[in-house]
Amino acid sequence: MKEFNPWTSSDIKDYEKLVEDFGISKLNDELNEKLSDNKYVRRGLIIGHRDLDLFLKQAERGEKISVISGIKPTGIFHLGSKTTAEQMIYFQKKYPKLSLYYSIADLEAYMDNGQNLETSKKIAIDNVADMLALGMDPERSIVYMQSNALLVSDLAFIFSDDVTVNMLRDIYGERRFSLYLSALVQSGDIFVPQTNNFGGPKPVLVPVGADQDPHIRLSRDLAFKHRNDFGFYPPASIYHKLIRSLSGDEKMSKRNPDSMITLSDRKTDIKRKIMAAFTGGRTTVEEQRKLGGEPEKCPVFDLYLYFENDDRVISNVHAECVEGRRLCGECKLEAIKMVSLKLEEHQSRRNEMIDIARDVIQKGNESVKNRPM
Ligand code: SF4
């Protein structure tokens, strides 16, 4: 079986195979119908789930439920972090009894990237302001820095008793021990909503990129191992596709800023990045007119999928592209206009959220600083 881990995986050409190899379930007709108000689901950007059907039934019965995910605060929000955030916010808006938990993984940033905690703290404020600007309800959200959460590190410590290096090697491949440790810390995060500090065991959903499934598998295994002492529910999960690089590579990289659009980009950055982007267009205008373009290979088309709210606009772009009625130059100019407008609106909302973001983190840090009860 192919090794697949959250730190280096960049080659996910075949999502079907990924689903098959790791036992992820595809969204069936019933789930597609239930989540038809979710644009990521409608647009095929969600590749699968674990126990989402069960989670939704529990939500529909009015049970107390939670959604949790996190971010490694090594940079400004990009399309991947925006997608995770929008999934969380979607569920928060849909279910009034749902609490949202968001971990700022500054320990992972330290272990994986050598970034000091003070830098992570500054970046985290911007990241949380982005979450608020995207619609997160601060009253029903717990946002905290991992390094501040004694609750999380204690859980990781407790879990370590049930985990061997061989088990971690099977899931993550051969890694530095710090990355194994950071995987246990992430499991600690995933179980925060179910601790007695937050009202005890409850169904939890984790929206993440497809490359994060190893953390979910480890956490589900740990829930099973600790069913008698903690009674935790195994976390349900929902996976979105990884965001393709503007250069056409399989996955964008924070290490190459021009490979991705970030939510802080100004119009000049957006223009430069999109004009230089790879497309699914043909080599000549004549060929494009005759054969049509290939939007499924095109990172510019992806920008419509991720930024445009109106499905009809996307259908038009797609039809005009495949029928050869749209050329890449004009399509890029249109994408620049659309993305610039959306980001300008977002940035002005975010600027108003900085103080609230600081308060939300401070409040969240307070709530996770105690040991598990
Ligand atoms: Fe991509 Fe647009 Fe060119 Fe089609 S016309 S390949 S969507 S840039």
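All residue numbers refer to positions in the sequence shown, counting from 1. First listed ligand is number 1; within each ligand, the first listed atom is number 1. Atom set for the values below is all heavy atoms of this structure, side chains included, hydrogens, waters and symmetry mates excluded.
In terms of protein heavy-atom proximity, atom 3 (Fe) of ligand 1 is nearest to C328 SG, 2.3 Å. At the shortest separation from atom 4 (Fe) of ligand 1 among protein heavy atoms lies C321 SG, 2.3 Å. If you check which protein heavy atom lies closest to atom 1 (Fe) of ligand 1, you get C298 SG, 2.3 Å. Of the protein's heavy atoms, R326 CG, 3.7 Å lies nearest to atom 5 (S) of ligand 1. For atom 2 (Fe) of ligand 1, the nearest protein heavy atom (residue, atom name, distance) is C331 SG, 2.4 Å.
In this structure, H240 has its ring center at least 6.0 angstrom away from the ring center of Y40. Two rings, from H346 and F307, have their centers 6.0 Å or more apart. In this structure, the ring of F191 has its center no less than 6.0 angstrom from the ring center of H226. Taking the six-membered ring for Trp and the full ring otherwise, F198 and Y101 have centroids separated by under 6.0 Å.
When each atom of ligand 1 is checked for a heavy atom of G280 under 4.0 Å away, the hits are 6 (S). Here is the list of ligand 1 atoms found below 4.0 Å of a heavy atom in G281: 6 (S).
Residues F91 and Y233 do not share a hydrophobic cluster, clusters being chains of Ile/Leu/Val/Met/Phe/Trp/Tyr side chains in contact below 4.5 Å.
Remark: the backbone N or O of L98 is paired with a side-chain donor or acceptor of R140 at under 3.5 angstrom.
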